[in-house]
Peer 1: 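Got a structure for you, written out below as C-alpha cells; questions coming shortly.
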Amino acid sequence: MSDSTSDIRDRVQAVLPSVRSDLEDLVRIESVSADPARHGEVQRSAEAVAELFRAEAFDSVDIVTIEGGLPAVIAHKAGPEGAPTVLLYAHHDVQPENDHADWDSPPYEPTERGDRLYGRGAADDKAGIVAHLGALRVHGDDLPVSVTMFIEGEEEIGSETLSALLAEHQERLKADVIVIADSGNWDIGVPALTTSLRGLVRLDIEVRTLAHAVHSGMWGGLVPDALMTLARVLSSLHDDAGDVAVPGLVSGPAAEVEYPEERLRAESGAAPGIEWIGTGSTVERLWTKPSISITGLDAPKVAGASNTLVPAARARISMRIAPGDTTEHALECLVRHLEANVPWGATLTHTVVDTGEATQIDATGPAYDAARAAFTEAWDGTAPVDMGVGGSIPFIAEFLDAFPEASVLVTGVEDPDTRAHGANEGLHLAEFERVVLAEALLLRNLAG
Ligand code: BES
Ligand code: MN
C-alpha cells in the first residue's frame, strides 16, 4: 500500500522482459475462435494462460467450459483481509488472420519492427492478458487487493456461453471493481478510459428468386435474379446521406471530444477521395449512432460466372447499435425493415449470427478517481480522456447484469494504429509499458 510510484516504476522495468516473452508465447498459439478447425488451439491457449497464473502462485486456477462453448480461465489470488476484490478481464481468443499475403511478417510469429511487436493477438487481446500479468508481477506476493482473473475464450465470436459461465461461477466472479483490458488509449502518449461501447447484431440474410439457375438470355428481363434483388435490399439500409435508414433504431449524444480530420483520415485508412457517410458529429457517427456494414457475400465468383440467373444469394449484415438501444429491439427493427424492402416478391430468410449489448458507463466514483490518478501518473501528468468506441465487448453488459453494484473500468493496450482484426496488428511497446505501470498503480490505488 505504501509502495511509492518510483518503486513500482522500477519493478515494472524488472518484470517487462518476462511479460514480453509470455506475450510472444501466447501469440504463437493460433487461438482463432471463429475457426472450428482451430478450437484445439483455443484450448491450448487456455492451458497456456492457466499455466501463467499457476506460476504466479494463485490460490486457484481453473479452465472452465460450458457445453458448446470455448474455454475460459478463472483464477483467484487473495489479498489482505478486508481489501476489495478486483476482477481482471481479457480474452485469449483472436480474430482470423485472413490473407497471410497482406502481412509483412507471419501472423503467428511475433516480430518486432520499429516501435511495435506485430502478430495476431499481439494487442487484441493477448496483450490485455499479459498487462494484467505484469501488474500482478509488479506486486508479487504483496498484492494490495484480492484478484480474480477472468480470461474469456470466445469474445471474438460474440461470447455465446458467457451468461451461462457467469451464472455457473457467480460466486467466484463476484468483485467490487472490474478492469476490462480490451479497449485502448486516445493516442500514443494520451491515455483514455472507455466509457461507452456500441452493441452488435449480426444477421445473415438469404434472398431467393428462383428454384434453380436458368439461362439468363431466355429468362432475363422477366425473372429477377437473386443478386440484383439482394443489392436492392442492401441499398435500402442507408439513405442518400449515408445514414442508416432502418426506422426505430436509437441514437444518442456523444462525449465532447475533438477528433481532428487529419487523424480520422490517417487512422481510418480511408482511400483518397472517400467521403464520410452519415450526418452528425464524427464521434457520434462512430460511437453513439447505429452503423450497418456488409461483411460478407455469397454469390458466384466473377471468374467463371456463366450466363445464368442466380437463384439465391446471401449477405452478412453487421449492425452496431448505440448505447441505449437493445439488441432485441434493434434486431426487430432491422428484420422489419428488410422484410418491407424486398422487391419483386422475392423470399427473404434470416439467421441471427450473434448479438452483444451496448454499454454506457457511469464514469464517476472512487474507482474512477483511483484510475484517473494512476493513469495520470503513468503518463507523466497527462490525464486520461473519457472516450467512446464503436466496437463491442458483450461481457460488460452481461457482467453488470450479474453484478450491478460493481464499478467497471474499461482500459486496454490499443492505440489508433493497432490494426486489431486487420493484417499487421501490432502492439506499441512503449505504450504497453505505460499500460502495465498504470494498472500496477491502479491496483495500489484501489486498496486505499
Ligand atoms: N477489443 C474489441 C472491442 C473494441 C473494438 C474495443 C474497438 C475498442 C475499440 C473486441 O475484441 C472485439 O472486437 N469485439 C467484437 C465483439 C463481437 C464479436 C460481439 C467486435 O466489436 O466486433
Ligand atoms: Mn478484443
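Note that ligands are numbered from 1 as they come in the structure, with each ligand's atoms numbered from 1 the same way.
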Peer 1: Taking a cutoff of less than 4.0 Å between a non-hydrogen atom of the residue and any ligand atom, is Ala420 in contact with ligand 1?
Peer 2: no
Peer 1: Knowing that exactly one of Glu425, Glu97, Glu156 qualifies, which makes a salt bridge (Lys or Arg N to Asp or Glu O under 4.0 Å) with Arg120?
Peer 2: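 Answer to the salt bridge (Lys or Arg N to Asp or Glu O under 4.0 Å) test with Arg120 among Glu425, Glu97, Glu156: Glu425.
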Peer 1: Evaluate the criterion side chain to side chain contact (heavy atoms under 4.5 Å, CB included) for residue pair Asp417 and Arg116; output intermediate values, then yes/no.
Peer 2: CA-CA 10 Å; Asp417 207 24; Arg116 290 178 189 271; 3.4 Å; yes
Peer 1: Below 4.5 Å, heavy atoms only, C-beta onward: do Ser31 and Arg38 meet side chain to side chain?
Peer 2: no
Peer 1: Decide whether an N or O pair under 3.5 Å exists between Glu155 and ligand 1.
Peer 2: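 Yes: some nitrogen or oxygen of Glu155 is under 3.5 Å from one in ligand 1.
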Peer 1: Out of all atoms in ligand 1, which are within 4.0 Å of some heavy atom of Val389? Include the element for each.
Peer 2: 8 (C), 9 (C)
Peer 1: Starting from atom 3 (C) of ligand 1, which protein heavy atom do you reach first, and at what distance in Å?
Peer 2: Ser392 O, 3.5 Å
Peer 1: Does the N or O separation between Glu156 and ligand 1 drop below 3.5 Å for any pair?
Peer 2: yes
Peer 1: Quick one: are His91 and Ile393 in side-chain contact, heavy atoms under 4.5 Å?
Peer 2: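 They are not in contact (no side-chain heavy atoms under 4.5 Å apart), so the answer is no.
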Peer 1: Is the contact between Met387 and ligand 1 made by the side chain, the backbone, both, or neither, using heavy atoms and a 4.0 Å cut-off?
Peer 2: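 Neither part.
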Peer 1: Could you check whether Phe399 and Phe150 have their ring centres less than 6.0 Å apart?
Peer 2: no
Peer 1: Any salt bridge linking Asp59 with Lys77? Criterion: basic side-chain nitrogen under 4.0 Å from a carboxylate oxygen.
Peer 2: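 No, no charged N to carboxylate O under 4.0 Å.
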Peer 1: I'd like to check which ligand 1 atoms, numbered from 1 as shown, lie under 4.0 Å from a non-hydrogen atom of Gly158.
Peer 2: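 Those of ligand 1 that fall under 4.0 Å from Gly158 are 18 (C), 19 (C).
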Peer 1: Which of the atoms of ligand 1 are close to Gly391, meaning less than 4.0 Å from one of its heavy atoms?
Peer 2: 5 (C), 7 (C), 21 (O)
Peer 1: Do you know which N/O/S atom name in Asp182 is closest to the Mn ion (ligand 2)?
Peer 2: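 Closest N, O or S atom of Asp182 to the Mn ion (ligand 2): OD1.
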Peer 1: I want to check something: taking the side chain as every heavy atom from C-beta on, are Ile178 and Tyr89 in contact at a cut-off of under 4.5 Å?
Peer 2: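 Side chain of Ile178 against side chain of Tyr89, heavy atoms only: no contact under 4.5 Å found.
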Peer 1: Can you label the angle between the Tyr259 ring and the Trp287 ring as parallel, tilted or perpendicular, going by 30° and 60°?
Peer 2: tilted
Peer 1: Looking only at heavy atoms of Arg198, does any of them come nearer than 4.0 Å to an atom of ligand 1?
Peer 2: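 No, Arg198 has no heavy atom closer than 4.0 Å to ligand 1.
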Peer 1: Looking at ligand 1, is there an atom of it that comes within less than 4.0 Å of some heavy atom belonging to Gly356?
Peer 2: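 No, Gly356 has no heavy atoms under 4.0 Å from ligand 1.
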Peer 1: Can you name the atoms of ligand 1, numbered from 1 with element, that are less than 4.0 Å from a heavy atom of Pro394?
Peer 2: 19 (C)
Peer 1: Has Arg320 got any heavy atom lying under 4.0 angstrom from an atom of ligand 1?
Peer 2: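 Checking ligand 1 against Arg320, which is what was asked, there is a heavy-atom contact under 4.0 Å.
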Peer 1: For Gly184, state whether at least one heavy atom is located under 4.0 Å from any atom of ligand 1.
Peer 2: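 Not so, Gly184 does not reach ligand 1.
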Peer 1: Is any side-chain heavy atom of Val32 less than 4.5 Å from a side-chain heavy atom of Glu41?
Peer 2: no
Peer 1: Closer than 4.0 angstrom, basic N to acidic O: yes or no for Asp380 and Arg434?
Peer 2: no
Peer 1: Nearest to atom 8 (C) of ligand 1, what protein heavy atom do you find, and at what distance?
Peer 2: Ser183 OG, 3.5 Å
Peer 1: Mark up the atoms of ligand 1 that fall under 4.0 Å of a heavy atom belonging to Glu414, in ascending order.
Peer 2: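 Counting atoms of ligand 1 from 1, those under 4.0 Å from Glu414 are 1 (N).
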Peer 1: Centre of Trp186's six-membered ring, under 6.0 Å away, within 45 degrees of the axis: is that where NZ or CZ of Arg263 sits?
Peer 2: yes
Peer 1: State if Gln95 counts as touching ligand 1 under the rule of any non-hydrogen atom under 4.0 Å.
Peer 2: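 Under 4.0 Å: no for Gln95.
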Peer 1: For the side chain of Asp176 and the backbone of Thr85, is there at least one donor-acceptor N/O pair under 3.5 Å apart?
Peer 2: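 At least one qualifying donor-acceptor pair exists.
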Peer 1: Of the backbone atoms (N, CA, C, O) and the side-chain heavy atoms from C-beta on, which set of Asp182 has a member under 4.0 Å from an atom of ligand 1: side chain, backbone, both, or neither?
Peer 2: both
Peer 1: Using non-hydrogen atoms of the residue, decide whether Asp125 is closer than 4.0 angstrom to ligand 1.
Peer 2: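 Contact absent.
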Peer 1: Is there a polar contact, in the sense of an N or O pair closer than 3.5 Å, between His91 and ligand 1?
Peer 2: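 Yes: some nitrogen or oxygen of His91 is under 3.5 Å from one in ligand 1.
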Peer 1: Can a salt bridge be assigned to the pair Arg372 and Asp386 using a cut-off of 4.0 Å between side-chain N and carboxylate O?
Peer 2: yes
Peer 1: Pull out every atom of ligand 1 sitting under 4.0 Å from any heavy atom of Leu200, numbered as shown with elements.
Peer 2: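 Answer for ligand 1: 17 (C), 18 (C), 19 (C).
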Peer 1: At a threshold of 2.8 Å, where the distance has to be below it, does the Mn ion (ligand 2) have an N, O or S atom of Asp124 nearby?
Peer 2: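 Yes.
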